[in-house]
Amino acid sequence: MKPDLSPPLLEARDLERRFDMPRTFFGPKRTLHAVNGVNLSVKRGETLALVGESGSGKTTLARMLLGLLAPTAGQVIFGGVPLAGQDRIATARRIQPIFQDPYSSLNPRKTIESIISLPLRVHRVGDTASQAKAVRDMMEHVGLPARLANVTPNQLSGGQRQRVAIARALIIKPELVICDEPTSALDVSVQSQILNLLQDLQREFGLTYLLITHNLAVVEHIATRVAVLYLGRIVEETDTQSLFSNPRHPYSRALLDSVLTPEPGLGLPKDTLGVMSPGPMNPPSGCRFHPRCPARMEKCVQQAPARMTSAGSVIECHLYAGDANATLVPFPKKGS
Ligand code: SF4
């Protein structure tokens, strides 16, 4: 297979975000290290999933990629140009978010037609008649009957509300859609319908998705590539099939093991790794995962592993020490 040499649509380069926290009465100044040197690229037409537990930095990273939060260091490059230098309104037309909770993200006093047409009005696209037609067309694309155009969100089911949120995001024809936990507020019975809809719309409109989630079942359903985030750093990035068939980073393996628990998607079960996750306020020395890692070595406590890339995959773990062309050493599967 020929390597894909097309330039990425979105890139994060050494992206960092720190937050100064209020001092406690006697304590020193504290800093929360939410995102710590993230490098990431999203190609046109793909679905890259960003997975990790709560506190891993997913939401902070998503807000920087949307241009809603300035990085402390590093750059977001969109379409080959730094996002920081681009017009906010023009950027909003090209990058649209879909949020987790469709109820709180929809104005309860507006009709569905008014909600879906809002981006067209903000960006002054077309006249009233063409906007109304665009809304009707988009409602059809997302599977909403036309008779719902004049109702308010509280008259809709959770799945219908998420379809409204999707229609509102897509009506402006964005290039990139950042989906932040798009199904986690929905009943299990409608989650796969929404994921299938997102896939159909991606094919139809040539969309690129960045999916933020803690739910690996969602990743397996929809993503083409996965980046695993732990305490603000990407510890493994690879294609979805490789991650599920052979997770190499010990944290990726623990995440996959959690899918096999009776309540998948609730994050890492504590008994898998023995200790709770350290917080981003006070990250551990060396490899940030070392307090929980079953494969920890002496050097893991002192020395942070280097980021290594090989054949399109990225890993940060001393088990795979070597240069970019090193043969990656498989980590023994649990129980073998
Ligand atoms: Fe575990 Fe060490 Fe790899 Fe970190 S670097 S994941 S502690 S083996």
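One-based numbering along the sequence shown. No hydrogens, no waters, no symmetry mates; every other heavy atom, side chains included, goes into these values. Both ligands and their constituent atoms are indexed starting at 1 by order of listing.
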Next on the checklist: Side chains of Glu53 and Ser56: any donor to acceptor distance under 3.5 Å?
Outcome noted: no
Checklist entry - Taking only residues at least two apart or on different chains, which pairs with a member in residues 117-127 satisfy side-chain hydrogen bond (donor to acceptor under 3.5 Å, both in side chains)? => result Ser114-Arg121, Ser117-Arg121, Asp127-Ser130
Checklist entry - Under 2.8 Å from atom 3 (Fe) of ligand 1, which protein N/O/S atoms are there? => result Cys317 SG
Item to check | Nearest-0.5 Å distance, CD1 of residue Ile222 to SG of residue Cys179 | outcome: 6.5 Å
Checklist outcome for this item: Per side chain to side chain donor-acceptor pair (under 3.5 Å), Ser242 is matched among Thr240, Asn246, Asp239 by Asp239
Checklist entry - What are the two closest heavy atoms between Val142 and Arg163, and how far apart are they? => result O-NH1, 2.8 Å
Item to check | Six-ring centre of Tyr230, Arg233 cation under 6.0 angstrom, axis tolerance 45° | outcome: no
